[in-house]
Amino acid sequence: MARAIRLARLGLFTTDPNPRVGCVLVRGGRIVGEGYHRRAGEPHAERNAIADAGERARGATAYVTLEPCCHEGRTPPCTEGLIEAGVKRVVAAMADPNPLVAGEGLAILRAAGVAVEVGLLEAEARALNPGFIKRMRRGLPQVRCKLAASLDGRTAMASGESKWITSESARRDVQLLRARSSAILTGIGTVLADDPSMNVRLGADDLPGMKPGEPVRQPLRVLVDSRLRTPERAVMLGLPGETLIACLDPEKADVMRLESAGARVCVCPGSGDRVDLESLLRHLARREINEILVEAGPTLAGSLLQAHLVDEILLYLAPHLMGDDARGLFRLPGLARMQDRVELDILDIRMVGPDLRIRAVPKHGSGVSVS
């Protein structure tokens, strides 16, 4: 199963919106076939492992990181393939949260006389697909908030200058985060101040599991801009990939102006001049968005955190100080007492070049452990 999980990770940058899945076939104590799901529309992990094993699949045990699918989609059911190949036993790390499967795949295998076990290395398997699991169970994507700051918690000088707070190593690490994400979310303040590209600037050679020269998938760029102040010459509008702008009650002329520049405008519910962020996230989940990387200023980041919509915080701390007048990480109005503070559980701390990377989850955030 550990080998199957390693194989599944090879699909980290390519399988979206499908889950990352690996499969290993074992017979007589030896691996006879293995495979992983590489891209939506291509064969699933079980089918690839069966093709690799050939006749040696008969009588084998399949170790698979997710319950085999049992419905006809862009590819035929994996349960059918396992039964036809003569696999005698299936060990699944976890049940599939997809309502189209949700235990039915395992039931079909049992009914066909295949021995079934579930739960081996389940935590490791869940960590492969936090966004897919949350989207299937709650109708929301996983939200990972990335922040870069000085040791005194500052994200930009008072003038707005912020390039570069962290090192080249940290910025490359963020590019890997972008490459695995389904979407990148930011706010209009960041666009007006920095005119960011919000794209993946790595090539296929930089991403494990990709073929040389293969085009890199660009995440959906999502911009929260309630009054459609985005300039039509914004850099992101001219780049490959799609930009979605979420707004409130737009003027028709603004919609035409931005859609002519290459954006897609999405009218969302909200109050005052604020887009309802949960409604936006649910809309994105319906578009099969699994993982969202938030790269935003303190206002949007703070709003997501206070709305309990942040699942994970990734904070890169650079070894310098920027002073009292520089800008902070989150705008969190109303925190007047110690009991009001936002508590975090730190999951991981490591060095990335000269910078410190802290991975944490809000204790009372979404209420869902996703990784």
Side-chain angles (χ1 to χ4, degrees), residues 130-131 133-135 137-149 153-156 162 174 177-178 180-194 196 198 219-227 230 236 243-248 266 268-287 289-316 327-335 340-347 358-371:
I133 294 169
K134 187 180 176 188
R135 177 167 68 87
R137 290 185 172 167
R138 297 189 55 205
L140 287 166
Q142 189 230 21
V143 176
R144 181 181 288 117
C145 188
K146 186 277 297 182
L147 301 148
R154 305 300 177 177
T155 62
S162 61
V174 171
L177 285 172
R178 287 184 180 183
R180 70 170 285 172
S181 299
S182 314
I184 305 171
L185 177 68
T186 196
I188 183 60
T190 298
V191 171
L192 295 177
D194 298 333
M198 304 277 287
L220 174 69
R221 295 180 288 269
V222 182
L223 169 57
V224 180
D225 179 10
S226 59
R227 291 181 286 161
T230 304
M236 68 173 68
T243 300
L244 180 73
I245 303 178
C247 68
L248 300 170
C266 173
C268 297
S271 59
D273 63 350
R274 290 182 178 270
V275 167
D276 184 284
L277 296 173
E278 182 172 342
S279 294
L280 172 59
L281 294 182
R282 290 194 180 278
H283 169 77
L284 294 173
R286 289 191 292 271
R287 287 193 51 164
I289 296 296
N290 290 329
E291 298 181 20
I292 294 179
L293 181 64
V294 178
E295 297 193 47
T299 300
L300 180 55
S303 295
L304 287 163
L305 190 62
Q306 289 195 308
H308 305 316
L309 296 172
V310 174
D311 297 297
E312 178 178 302
I313 295 170
L314 271 176
L315 173 59
Y316 295 83
R327 301 177 184 180
L329 288 163
F330 294 96
R331 184 174 182 272
L332 299 170
L335 302 188
D340 300 326
R341 62 193 170 183
V342 179
E343 294 189 79
L344 307 174
D345 281 326
I346 294 178
L347 303 182
I358 300 173
R359 181 168 165 254
V361 295
K363 280 189 177 181
H364 307 292
S366 68
V368 175
S369 175
V370 293
S371 57

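Only this structure's heavy atoms are used, side chains among them; waters, hydrogens and symmetry mates stay out.
- Leu293 has its side chain within reach of Arg178: a pair of non-hydrogen atoms, C-beta onward, lies under 4.5 Å apart.
- Tested against Leu147, the residues Val294, Leu314, Ile358, Leu329 include a single side-chain contact (heavy atoms from CB on, under 4.5 Å) partner, Leu329.
- Side-chain atoms of Thr186 never come within 3.5 Å of backbone atoms of Leu223 as a donor-acceptor pair (strictly under, hydrogens ignored).
- Here the shortest heavy-atom pairing between Met198 and Leu185 reads CE-C, 4.0 Å.
- Under the side-chain contact (heavy atoms from CB on, under 4.5 Å) test applied with Phe330, the options Thr155, Ile313, Leu304, Val342 reduce to a single match, Ile313.
- Pairing each heavy atom of Gln142 with each of Gly131, the nearest pair is CB-CA, 3.6 Å.
- Counting only heavy atoms from C-beta outward, the side chains of Leu284 and Leu244 approach each other to under 4.5 Å.
- The side-chain heavy atoms of Arg135 and Pro141, taken from C-beta on, include no pair separated by under 4.5 Å.
- Here the side chains of Ile292 and Ile289 are in contact, with some heavy-atom distance below 4.5 Å.
- Proximity of a side-chain donor or acceptor of Ser226 to a complementary backbone N or O of Arg274 within less than 3.5 Å is not detected.
- Applying the side chain to side chain contact (heavy atoms under 4.5 Å, CB included) criterion to Arg137, with sequence neighbours excluded, gives Pro97, Arg126, Ile133.
- Nearest heavy-atom pair, Leu300 versus Gly187, reported as atom, atom and distance to 0.1 Å: CD2-N, 3.6 Å.
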message = Evaluate Leu280 against Asp276 for side chain to side chain contact (heavy atoms under 4.5 Å, CB included), listing each step before the verdict.
response = CA-CA 6 Å; Leu280 172 59; Asp276 184 284; over 6 Å; no

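- No side-chain heavy atom of Val224 sits less than 4.5 Å from a side-chain heavy atom of Ile188.
- Put simply, the side chain of Leu309 reaches to within 4.5 Å of the side chain of Glu278, judged on heavy atoms.
- More than 12 non-hydrogen atoms from other residues, nucleotides or ligands lie less than 6.0 angstrom from CZ of Arg282.
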Run the numbers on Cys266 and His283 for side chain to side chain contact (heavy atoms under 4.5 Å, CB included), then give the verdict. CA-CA 9 Å; Cys266 173; His283 169 77; 3.8 Å; yes

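- Using a 4.5 Å heavy-atom cutoff, the side chains of Glu291 and Pro130 are in contact.
- Comment: Asp311 does not engage Arg144 in a salt bridge, judged by the lack of any side-chain N to carboxylate O separation of less than 4.0 angstrom.
- Listed for the Asp345 side chain is no donor-acceptor partner under 3.5 Å among the backbone atoms of Val361.
- Partners of Arg287 according to the salt bridge (charged side-chain N to carboxylate O under 4.0 Å, His left out) rule, which considers only residues two or more places apart in sequence or in another chain, are Glu242.
- Closest heavy-atom contact between Leu177 and Lys146: CD1-CG, 4.5 Å.
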Exercise. Step by step, work out the side-chain hydrogen bond (donor to acceptor under 3.5 Å, both in side chains) result for Asn290 and Ser182.
Key: CA-CA 6 Å; Asn290 290 329; Ser182 314; 4.7 Å; no

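- In this structure, Leu220 and Ile184 have side chains that are not in contact, with every pair of non-hydrogen atoms separated by 4.5 Å or more.
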| said: Set out, in order, the CA-CA distance, both residues' side-chain angles and the distance that settles side chain to side chain contact (heavy atoms under 4.5 Å, CB included) for Lys363 and Leu344, then state yes or no. | reply: CA-CA 5 Å; Lys363 280 189 177 181; Leu344 307 174; 5.8 Å; no

- For Met236 and Val191, run side chain to side chain contact (heavy atoms under 4.5 Å, CB included): C-alpha distance rounded to whole Å, both residues' side-chain angles, the deciding distance at 0.1 Å, then the answer. CA-CA 9 Å; Met236 68 173 68; Val191 171; 3.8 Å; yes

